[in-house]
Amino acid sequence: MSAPSDVKPHLTREHSLNLLREMLRIRRFEEKCAELYTQEKIRGFLHLYIGEEAIATGLMPALSAEDAIVATYREHGHALARGVSMNAVMAEMYGKQEGSSRGRGGSMHIFDAPTRFYGGNAIVGGGLPVAAGLALAFKMQKLPHVAVCFFGEGAAAEGEFHESLNLAALWRLPVVFVCENNLYAMGTALQISESETDIHLKAKSYRMESESVDGMDVVAVEAAARRAVDFVRNGKGPYFLECRTYRFRAHSMFDAQLYRSKDEVETWKQRDPIKRFGDWLRTSGIAHEVDFETLEREVTAEVARSVAFAEAGTWEPIADLARDVYTPRAAS
Amino acid sequence: MSAPSDVKPHLTREHSLNLLREMLRIRRFEEKCAELYTQEKIRGFLHLYIGEEAIATGLMPALSAEDAIVATYREHGHALARGVSMNAVMAEMYGKQEGSSRGRGGSMHIFDAPTRFYGGNAIVGGGLPVAAGLALAFKMQKLPHVAVCFFGEGAAAEGEFHESLNLAALWRLPVVFVCENNLYAMGTALQISESETDIHLKAKSYRMESESVDGMDVVAVEAAARRAVDFVRNGKGPYFLECRTYRFRAHSMFDAQLYRSKDEVETWKQRDPIKRFGDWLRTSGIAHEVDFETLEREVTAEVARSVAFAEAGTWEPIADLARDVYTPRAAS
Amino acid sequence: MNERATSQGTLTYREAVRAAIREALQRDPHTFLMGEDVGRYGGCYAVSKGLLDEFGPERIRDTPLSESGFVGAGIGAAMGGMRPIVEVMTCNFSLLCLDQIMNNAATIRHMSGGQFSVPLVIRMATGAGRQLAAQHSHSLEGWYAHIPGIRIVAPATLEDARGMLSTALEDPDPVLIFENVMLYNMSGSMDATAGAVDIDRAAVRRSGRDVSVITYGGSLWKSLEAAAALAKSGIDVEVIDLRTLRPLDDATIMQSVRKTKRAVIVDEGWRSGSISAEITTRIVEQAFWSLDAPIARVCTEEVPIPYPKHLEDAALPSPQKIEAAVHQVLGR
Amino acid sequence: MNERATSQGTLTYREAVRAAIREALQRDPHTFLMGEDVGRYGGCYAVSKGLLDEFGPERIRDTPLSESGFVGAGIGAAMGGMRPIVEVMTCNFSLLCLDQIMNNAATIRHMSGGQFSVPLVIRMATGAGRQLAAQHSHSLEGWYAHIPGIRIVAPATLEDARGMLSTALEDPDPVLIFENVMLYNMSGSMDATAGAVDIDRAAVRRSGRDVSVITYGGSLWKSLEAAAALAKSGIDVEVIDLRTLRPLDDATIMQSVRKTKRAVIVDEGWRSGSISAEITTRIVEQAFWSLDAPIARVCTEEVPIPYPKHLEDAALPSPQKIEAAVHQVLGR
Ligand SMILES: Cc1ncc(C[n+]2csc(CCOP(=O)(O)OP(=O)(O)O)c2C)c(N)n1
Ligand SMILES: Cc1ncc(C[n+]2csc(CCOP(=O)(O)OP(=O)(O)O)c2C)c(N)n1
Ligand SMILES: [Mg+2]
Ligand SMILES: [Mg+2]
C-alpha cells in the first residue's frame, strides 16, 4: 500500500520547496484568475482560496494516489495541490472543452478521475454524505483507500454534516473530514451561526477522533494530516481535522465585505502561510533568495502557460449540448 | 404569568391521583384503540404509547395554558394529558368530523387549537424546526410562553434535529426538547443508529442545558419537567430532556417485533409506570384500594363514552373534499 | 403486513421484489441493500424480510434515520465501485434527500464532463389508499420524472417488480424505482426463470380500438377494471402501461393514439403538474391532427390526502372515474 | 452585484423588492426577514442591503446554513403569531427544505381540519443565465406549482416585484415568491405610491390577434422581444404574463386562446413536466375546439445547465426560439 508509513513530515530541502511551490502555484494561479474575471474570461461565481493555501498543500502529501477527494466550490487549490494539471483547471475556468470537466462545470465543479478528484460540489454540505459513501465503498471492498472531504465551517450547521458524521463514526468509515474554518460563511461570522463555535468539539459528540490545527502553518497541517490519514487508514475509524484559517479575499467576486473590518483582514494577512513558511525557510537556511526567485519564475511561467492553453482551447460544439446527461449505453 | 413558581411537584393526594388517572386514561384509551383497530373501526397507522405514559403525564403539569406543544405520530397520550377531550381524540381516530382535526388527520395528526396542540407530525424530526419557530414567535413577541417538542430517539439522527438544536441554542429560544428514548426506532436499536448512544450528551454539544431522567417514573419526569420549563421560561435558553423509556407494544400494528426479545420486553414491563406509581401510592398510604377501583371505573366509563361519541359521529360530506386546503379569504 | 397465503408457483409483488434483490446480491458481490429498517425489521413493507439472515448486516445494512445522509452515501458508494440499492422507505420521506438526488446523483456525470457516472438504484414505496393521511400518501414518481439525469420506473406487474430491479442494476446511471403500496400484496404466478426485463418500452396491457387509456403502476389495475366494465357496454379500450416515466416511450403512446384517436390519461399525482399533463402535451405536439376529441385525465384531487376512507377514495382515481372520462372523450 | 446607476424616480427590480420588504417591516411589527446572509452581508443578491441598520438583527435575522431548520422555524413562527418573510437564497437550495414546505407548510391547515393556517412568505431567487452551472441554475417554480396548499407567484415587472410581496403578506396561507436572477438589475420608473397588487389574475402584457404567447418571470421579456420582432413581419402576438403559477388563471388564458386560436408557452423549466405541460393540457381540456394548430412550447433543454455561455444560452429559451415556435404554430 502506497500510504506513507511515517506520520511525521520530513522537512528536507526538497520537500520544503515543494510545499512552498504548491502554495505559490495556488496563489499565483488564483491571482491570475481574479484578473481574468475582470476581463470576463472567467464568468459565473469565482471563489478564491487565497490565504488558505496551507491546508490543501499540507493535506495532499499525506494521501496515496488511490485515495478519493471531495471538495467544494472553493476547490482550485485542492485540485492543483492534488495534481490536476494547471492547464486543465484553467481551461475549465474558461469553460473550454480542454478543461478538466470538459468545460461543463467551470470554477465550482473541477472533477478529475485520474487523481480521484470527485469535485467541486457547490451545495454547502452536499459533499459530506458522498465522501462517507466513497469511504463505505472502500471499506466494503476491503481497499486501503481513504476518502478526504473538505468543507467550510459554515457547512457544520447543515443537517447533512450531522447525518454524515454520525454515519461515518457509526460505521467506522475511512474518511477524513477536513473543516476549513475561515470564520465566515459568506458574510456570516461563526458566532452568528453556531451555538458551539469550537468546531472540532462537534466531532467529539459523535465519538469521532478530532483535532484542531493552525491552518496558516503548512507544516502543522501536514503533520496533522499524516496523523489523521494514518489513523483512518489503519482502520480506527473516521477523523475530523479542523484547520483554522482565514479568507484574504472576498467570498466571491460579488462581495462588498461589509461584514468584517479591514483591520481584521490585515491582522490575518500578517500570518500569510506563504510568507510565513518562506521566511522560516530563509531564516533556517533551508532555502535561499535564488530558490525563491527560481520558484517565482517557474510558477509565473506555469500560470502563463495555463492561460495560453486555455486561450487556445476550443468551445464544445452546441450540437453536443445534451451530452453526458446519461451514460451512453454499450450498443447491445 | 400562570407558570408554576415552585419547580417541585407537590405530591398531594389529589395531585397524585390525577397523575395516576392521566396515565390510566392513556393506557385504557389505547388498549381500546388496539381493539378497535382489529375491528377496523380505526385504520391507517396506529402507534401506541403504552409503557411511555409517565412522560406526557409528568410533563403537562409543568406547562401553562398558553404554552405550545408539538408531538409526533405517537401522540394520543400527549393530546389526552394536555387536555384534548377523549371524545375528540377518539372521534379523530375514527375519522369522524367531530374529531379534533375534523377527521382529516386520524391517529397521526391530532391537532387542537384551544390547548395549543400543534400536532401530530408524522415525519420523523419534522416537528423540531416548527417547535423552534413557535418559540421564536414567543420570544419576539416577548410572551412568557414555552414551546415543548416531543420526539423519539430515532429523530436524533435526522439533520433537522441538528439544525433545530443549533438554532434554539444560538437564539436562546424558549423551547423544551423532550426526547422519548424508547431504545428503538421501529426495528432499529439505538446502538445501530447512533455513534453516541447517550442522547442527552448530544444536546451539550450545542451548549444546551440537558439532563436524562427515568421516563418510567412519573414523579421524576414531573420534577425534571418543572426544572426544564422553569429554566426556559426564565429566559435562560432551551432545555433538552431525555426520558428513558420503553415501548411495550409493537411499533405500529404491522410489526412482528423480530428485532427484540420477549424477555427484554418482559423485563421492562416490570417497570410499568402505572403499576409502579400505583404500588408506591398504595404502600405509602396515599391511595387505597377503593381509590383504584373508582379510578378504573371512571376511566373505563370515559373510554366507553368516547367510543359511543365516535360511533355516533358523522362522516364529513364528500362534497367538502377540497375544504381546508386553503384558508377561505374574507370576502372583499 | 399480512402476506396473502401464496400457493405453490404463485407469489406476491412483495416476494417478486425480494426475489430480485436476492438474485442481485447473489450475482454481484458489489451489490448491497441499504436503508431504514431493511434488516432486523425486515423492511417497512416486509420486502427484505429474511435477507439479513442470508446476507448479513454488511450487505443488508440498516441505516439511521438520515435520508440525505444515506442516499448521499449511496451516491458515493456507487462512484466508489459498489452497486448500492438504497431503499427510501416511502417517497414521502424522499423530500429529505431530494437535494442529493437532484444536485448530485442527477448532475455529477454532467458536471464532471462525463468522468463519473452514478450507478445507483433507489427504491421507494409510493401511493395512497391505506388511509395514512396527508404526510404519508404522496405519489411523487411523475414529479420526479421532471429531473434530467435520472431514470424513473414504476413496476405494475409481478414480472416488472422482479425484472425492473435487475435491469436497473445494469443501468450505468441513477434509477429510481417506485413501488405502489397497494400492489405489495397482489399475488399471481410467475415464470420462475423470469429475470431482467426491457425498460425502454411501454407495454400495451390490453389492446382496443376506441380509446387509449395511458397509465402505470397502481392505476394500471384500476384502468383494466374500467376497461373490462366498458367492454360490456361495447367500448373497446386499449390500456397502456408506461412502465418507465422517464424517459417516456413516445412511440408506443403515439402509435396507440393514432389508432384510437382518443386518449384518457390516468395517474395518481395531484392533477396540476402531474405526469398526465406531460403526456397530454406530447400527444398534442406529436399527434394533434389524429385526435378526434380533447384528451381527458384522471388524477388525484388537489388536496393533501385525508384520513377517512370515503374522502381518500374520493380524492384518488377510481375505475368509475376512469369510465366516466372514457365516456366523456367518446361523447357517449 | 453592481447596481445600475438609477436616476431620480427610477429604480431596479432589486430596489423594488427591498422597498416592499421595508414597507412591510414598517407597517407590521410582527413581520421580519430571516435567511442566510440577509443582514450583515446584505443578501446574496443585495436585496436586503441596508435593512439591518434600519431594523436591527432581530428583524433582519441572519440564519446559519440550515435551510430545513429556518424554513421550519418560519412555519412555527407564522403559527405562533409572527409574519415571517423567509429568504431561501435560491431555489437551488430549497430542495433541502422541501420536506418542510410540502409536508408541513402545505398540509398543516388541512391535517388540522382548518385549525391552523401558516401565513408564511418564502422568497427565493430562481433561474439560469449567470453561468452558475448545474447546481446553481434551476428554475423550479413551475415544479413547485404541483403542490396543493401553497401559492406560487413569479413577479416579472417592477410593480409586481414590489406589489406581490405586499399582497403575499395579506395571504393567510404559504406563498412562495420566485424572483428571477436576471431581473434584479432591470431598472425603470415606478409610481412611488405603488403598493399591493392583485395576484389572482394573469396580465395581458401585449395584446395581439394571431397567437398567444403564455409565459411569466424572466421569460416574459424574451417573449416581448420576440413579439416585437415578429410584429415587423406582420405577426401580431399577444403576450400573457401568468404572474401566479398556482393557482393558474385559466380564464385569462382561455380568453386569449379562444381569440387567437394558437398558443406558444414559454417557461424556463426543463421541458418534460415543466408548467408549460400543465398549461397546454388545460387549454386542451377547456379550449380544444378553438385551436387551429398544435400548441408549441419553448422550455429549457433537458440537461443540467452547463457553465459555458454558448451552451447555457443554447439550453435556455431565447427570443429566437420563441419566434421559431410562433412561426411553427402559424405555419408561416
Ligand atoms: C445549501 C446551500 N446554501 C447556501 C449556499 C450559498 N453559499 C455558497 S458558499 C456559502 C458560504 C459557505 O461558507 P463555508 O461553508 O464556511 O465555506 P467558505 O465559503 O467559507 O469556504 C453560502 C451560504 C449554498 N451554496 N448551498
Ligand atoms: C423522515 C421519516 N423517515 C422515516 C419514517 C418512518 N418511520 C415512522 S416512525 C419511525 C421510527 C421513529 O423512531 P423514534 O424517533 O425513536 O420514535 P418512536 O417511534 O420510537 O416513538 C420511522 C422510521 C418517517 N415517518 N419519517
Ligand atoms: Mg467559511
Ligand atoms: Mg424510539
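In the text below, chain A, chain B and the rest are named by the order of the sequence lines, each starting its count at 1. What you see is a predicted model, and the numbers here were worked out from it, not measured in a lab.
With a 4.5 Å cut-off on side-chain heavy atoms, A:Leu321 and D:Pro306 count as touching. Between D:His310 and A:Ile318 the shortest side-chain heavy-atom distance falls below 4.5 Å. Within the 4.5 Å cutoff, no side-chain heavy atoms of A:Val124 are placed close to those of D:Glu67. Side chains of D:Arg130 and A:Arg43 form no contact here, defined as non-hydrogen atoms less than 4.5 Å apart. Annotation: side chain of A:Asp255 is in contact with side chain of D:Tyr41 (closest heavy-atom distance under 4.5 Å). Between A:Glu316 and D:Pro308 the shortest side-chain heavy-atom distance does not fall below 4.5 Å.
Proximity to chain D involves both the backbone and the side chain of A:Ile42, based on heavy atoms less than 4.5 angstrom apart. Interface residue A:Tyr94: only backbone heavy atoms are found under 4.5 Å from chain D. If you measure heavy-atom distances from D:His136 to chain A, the contacts under 4.5 Å come from the side chain alone. In this structure, no portion of D:Ser68 lies under 4.5 Å from any heavy atom of chain A. Within the 4.5 angstrom heavy-atom criterion, only side-chain atoms of D:Glu301, from C-beta onward, approach chain A. Contact annotation for A:Asp320: neither backbone nor side-chain heavy atoms come within less than 4.5 Å of a heavy atom of chain D. There is no contact between A:Glu194 and chain D, counting heavy-atom distances below 4.5 Å. For D:Glu312, no part lies near chain A; criterion is any non-hydrogen pair under 4.5 Å. Contacts of D:Leu96 with chain A are made by side-chain atoms alone, with heavy-atom separations under 4.5 Å and no backbone atom involved.
Heavy-atom minimum distance, D:Asp37 versus A:Ala185: OD1-O, 3.5 Å. What you find for A:Gly154 and D:Leu65 is that their closest heavy atoms are O-CD1, 3.5 Å. Of all non-hydrogen atoms in D:Ser66 and A:Ala157, the two that sit nearest each other are OG-O, 3.0 Å. Between A:Met186 and D:Cys44, the shortest heavy-atom distance links the atoms CE-CB, 4.0 Å. Here the closest heavy-atom approach between residue D:Leu132 and residue A:Met108 is recorded as O-CE, 3.3 Å. Contact record, A:Gly187 with D:Arg40: O-CB, 3.9 Å, taken as the closest heavy-atom pair.
The structure places NZ of D:Lys309 at 11.0 Å from CH2 of A:Trp315, a figure rounded to the nearest 0.5 Å. Here the OG1 atom belonging to A:Thr188 is positioned 4.5 Å from the CG atom belonging to D:Asp62, to the nearest 0.5 angstrom.
In terms of heavy-atom pairs under 4.5 Å with chain A, the best-connected choice from D:Val303, D:Asp313, D:Leu311 is D:Leu311. Of the listed residues A:Phe161, A:Tyr184, A:Tyr259, the one with more heavy-atom pairs under 4.5 angstrom with chain D than any other is A:Tyr259. Of the residues considered (A:Ala122, A:Gly95, A:Gly99), A:Ala122 shows the highest number of contacts with chain D, using heavy-atom pairs under 4.5 Å.
The backbone N or O of A:Met93 lies less than 3.5 Å from a partner atom in the side chain of D:Tyr307, making a donor-acceptor pair.
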